Amino acid sequence: MIALIDGNNFYVSCERVFRPSLNDRPVVVLSNNDGCAIARSNEAKALGIAMGAPWFQIRHLRDSAGLVALSANFELYGDMSDRMMTLAAGLGHRQEIYSIDESFIDLTGIRGDLAERAHKIRSRILRWVGIPTCIGIAPTKTLAKLANHIAKAAERKPGSYPAELAQVCHWGQLPSNTREALLAATQVREIWGLGPKLTAQLNHIRIHTALDLARLSPSVARARWSVLLEKTIHELNGTSCISLQDTALDKQEIACTRSFGHPVTDRRELEEALAEFASRAAEKLRRQGSHVNQVMAFIRTSPFRKNDAQYSAYRIQPLMEPTDDTTRIIRAALEVLKAIYRPGFNYSKAGVMLMDLQPAATKHLTLNLDDELPAPNPELMLTLDRVNDRYGRGKIKLGAALAGEKKRNWTMKQERRTPAYTTDWHSLAVASR
DNA sequence: TCTGGGGTCCTAGGACCC
DNA sequence: TCTGGGGTCCTAGGACCC
């Protein structure tokens with residue numbers, strides 16, 4: 001059996017731990033730039049706020065419905081996630097951390113009543129970390145996701161599901177007619193791995209529910225669509241095809257991309273933004289212990305500004321030799337900008353991606369293949385990372401990423417950010433007497 | 001006025017080989 | 001009129017995830 005445990009409305013729940021006054025109120029957490037809602041409390045969902053709803057479209061609910069909006073505070077969420085995951089691991093012997101708020105846990109070899117055990121872990125996480133969770137238990141990952149989905153729905157809408165399914169749903173314990181009824185009540189779109197495109201195509205051949213899909217021939221699914229859909233069908237029928245991945249693999253690519261707080265036209269400003277993104281990406285690269293062979297950079301206008309002329313371009317810059325040196329990575333990103341920049345556009349977004357990564361250890365000899373480049377400087381990079389780890393991100397930067405005299409239109413808007421309660425001494429909550 | 005960011009996997013098709 | 005067959009590797013783009 002496999003369990004899927006995840007935090008309910010995770011970002012909102014993290015904020016509520018430190019601001020209990022947000023309980024029972026409609027709350028959303030906004031994406032970078034305060035652009036759109038990326039987490040919603042149950043009360044906010046009840047107001048009809050969709051995932052990804054632009055803030056300017058729902059802002060009126062502040063006055064009419066008491067909606068509270070907060071800027072995303074990823075430092076806080078990451079730390080709360082670590083605490084939650086550590087306790088969740090107690091469910092079984094192996095854990096796959098699937099996202100910031102979800103993990104799969106292998107329950108093989110665990111004796112006793114699994115649902116009871118899940119309830120215990122759940123209340124421990126609630127008590128010690130303050131995050132409410134739901135748990136699905138099933139023989140495959142796809143069914144565990146589905147069971148988790150049911151556990152949440154049963155908690156949120158008590159009338160429409162059997163009460164014992166709320167919070168913890170143990171698929172394996174359900175009678176087969178109940179399982180069938182639940183599959184029939186689940187829309188195809190809600191199944192893990194089925195997005196809008198596949199859903200539309202399946203609906204077209206009159207497959208609407210999880211039960212319909214479970215009855216589709218796997219080989220037909222493979223021939224007409226792909227091996228992914230074939231696996232999903234097997235998984236819905238209880239045959240495990242997607243294994244637990246309990247050791248985190250190195251990233252195959254590393255990206256840093258941002259939308260700008262205001263439109264940017266100036267080339268100098270784009271240079272500054274790309275240099276900053278390249279630096280951030282290089283830090284992630286060194287933390288993973290990898291070297292990069294190709295640097296991709298892009299700039300684009302906003303497709304939402306219908307009256308603006310549109311332009312979007314990217315290019316991949318191969319490096320002379322694999323490196324983790326910020327200076328070289330910035331240089332490559334700026335080479336790309338030189339090639340793709342066109343004046344006269346309102347740029348709204350840019351980014352740097354590091355592709356074709358390899359472990360740093362496999363590089364045996366260093367050739368200085370390009371005389372014009374300064375030699376890589378590992379000591380400088382080490383110092384840079386140490387200082388920034390200790391005193392906060394971006395305290396020291398290389399010249400290209402420094403602000404010019406101009407105002408920085410490209411920086412993010414974050415007007416409603418809460419403090420980093422758990423990772424910054426100066427932001428600790430104070431208990432007053 | 002105002003619409004996120006960071007990933008993975010699969011497939012089709014082209015280049016190239018003998 | 002009619003112009004092989006089979007294989008590998010790589011890449012761009014699509015679809016999906018949270």
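These figures come from a predicted structure and were not determined experimentally. Reckoned from all heavy atoms, side chains included, excluding hydrogens, waters and symmetry mates. Chain identifiers are assigned alphabetically (A, B, ...) following the order of the sequence lines, protein sequences preceding nucleic acid strands; residue numbering begins at 1 within each chain.
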Exercise for review: Please tell me which of Pro263(A) and Lys284(A) maps to the more 5' nucleotide of DNA chain B, matching each residue to the nucleotide holding its nearest heavy atom.
Suggested key: Pro263(A)
Practice item. Side chain of Cys36(A) only, please: which of dG4(B), dA15(C), dG6(B) is the nearest? Key: dG4(B)
Check your understanding: If the P atom of dC18(C) is compared with that of dC2(B), how far apart are they to the nearest Å?
Key -> 30 Å
Between protein and nucleotides 8-13 of chain C, what N or O pairs are separated by less than 3.5 Å?
| unit_1 | atom_1 | unit_2 | atom_2 | d |
| --- | --- | --- | --- | --- |
| dG13(C) | OP2 | Tyr314(A) | OH | 3.3 |

Check your understanding: Contact class for Pro303(A) vs. all strands (heavy atom < 4.0 Å): base, sugar-phosphate, or nothing?
Key -> nothing
Point to revise | Spacing of Glu96(A) atom CD relative to dC17(C) atom C1', expressed in whole Å | key: 12 Å
Exercise for review: Would you check, one step at a time, whether the test side-chain contact (heavy atoms from CB on, under 4.5 Å) holds for His93(A) with Thr108(A)?
Suggested key: CA-CA 8 Å; His93(A) 297 305; Thr108(A) 307; over 6 Å; no
Check your understanding: Is the side chain of Asn237(A) donor-acceptor paired with the backbone N or O of Ala214(A) at a distance under 3.5 Å, no angle test?
Key -> yes
Check your understanding: Taking for each residue the nucleotide of DNA chain B with the nearest heavy atom, is it Val227(A) or Arg59(A) whose nucleotide lies nearer the 5' end?
Key -> Arg59(A)
Point to revise | Sugar-phosphate only, base, or nothing, as touched by Leu194(A) at under 4.0 Å among non-hydrogen atoms | key: sugar-phosphate
Review point. dG5(B) phosphate, OP1 or OP2: any side-chain N/O from Ser259(A) under 4.0 angstrom?
Key: yes
Check your understanding: Tell me: CD of Glu75(A) to C1' of dG5(B), nearest whole Å?
Key -> 17 Å
Exercise for review: Have a look at Ile254(A) and say if it touches a base, only the backbone sugar-phosphate, or nothing, with a 4.0 Å heavy-atom cut-off.
Suggested key: sugar-phosphate
Practice item. Report yes or no: do Asn9(A) and Ser41(A) form a side-chain donor-acceptor pair below 3.5 Å? Key: no
Practice item. Calculate the interatomic distance between Met412(A) atom CE and dC2(B) atom P; express it in whole Å. Key: 18 Å
Check your understanding: Does the cation-pi check pass for Lys349(A) over Phe260(A), that is, NZ or CZ under 6.0 Å from the six-membered ring centre and within 45° of its axis?
Key -> no
Practice item. Mind checking Asn32(A) for me? I need base, sugar-phosphate or nothing, with any heavy atom below 4.0 Å counting as a touch. Key: sugar-phosphate
Exercise for review: Report the C-alpha separation of Arg315(A) and Glu335(A) in whole Å, then their side-chain angles, then the decisive distance to 0.1 Å, and conclude whether the salt bridge (Lys or Arg N to Asp or Glu O under 4.0 Å) test is met.
Suggested key: CA-CA 9 Å; Arg315(A) 188 162 294 191; Glu335(A) 281 293 313; over 6 Å; no
Practice item. Could you tell me whether Lys251(A) contacts a base, only the sugar-phosphate backbone, or nothing, with contacts defined as non-hydrogen atoms closer than 4.0 Å? Key: sugar-phosphate
Check your understanding: Yes or no on side-chain contact (heavy atoms from CB on, under 4.5 Å) for Ile254(A) and Met353(A), after CA distance, side-chain angles and deciding distance?
Key -> CA-CA 6 Å; Ile254(A) 288 173; Met353(A) 292 179 73; over 6 Å; no
Review point. Hey, is NE2 on His204(A) packed in by over 12 heavy atoms from elsewhere, all under 6.0 Å?
Key: no
Review point. Do other residues, nucleotides or ligands put more than 12 heavy atoms under 6.0 Å from Arg206(A) CZ?
Key: no
Practice item. Anything below 3.5 Å on both distances counts as a pair; with that, list the stems of at least three consecutive Watson-Crick or G-U pairs involving DNA chain C. Key: B:5-18 with C:5-18
Review point. Sub-3.5 Å donor-acceptor pair from the side chain of Gln167(A) to the main-chain atoms of Lys152(A), do we have one?
Key: no
Exercise for review: Please state how far atom CG in Leu285(A) lies from atom P in dG7(B), giving the value in whole angstrom units.
Suggested key: 11 Å
Point to revise | Arg305(A) side chain near dT3(B) phosphate (N/O to OP1/OP2, under 4.0 Å) | key: no
Exercise for review: Among dA15(C), dT3(B), dC17(C), find the nucleotide with the atom closest to the side chain of Trp192(A).
Suggested key: dC17(C)
Point to revise | Main-chain N/O of Leu70(A) paired with Arg417(A) side-chain donor or acceptor, under 3.5 Å | key: no
Revision key, fill the gap. Between CD of Glu253(A) and C1' of dG6(B) the distance, given in whole Å, is 9 Å
Study note, to complete from the structure: Taken to the nearest whole Å, NZ/Lys349(A) to P/dT3(B) is 11 Å
Study note, to complete from the structure: Rounded to whole Å, CZ of Arg416(A) lies from C1' of dC2(B) at a distance of 12 Å
Review point. Just checking Ile191(A): base, sugar-phosphate only, or nothing, at a heavy-atom cut-off of under 4.0 Å?
Key: sugar-phosphate
Review point. Between Thr257(A) and dG6(B), does any side-chain N or O lie under 4.0 Å from OP1 or OP2?
Key: yes
Exercise for review: Taking atom CZ of Arg62(A) as the centre, report whether more than 12 heavy atoms of other residues, nucleotides or ligands fall under 6.0 Å from it.
Suggested key: yes
Review point. Across the strands shown, which category fits Asp101(A) at heavy-atom distances under 4.0 angstrom: base, sugar-phosphate, nothing?
Key: sugar-phosphate
Check your understanding: Between Met353(A) (CE) and dG6(B) (P), how many Å, whole number?
Key -> 9 Å
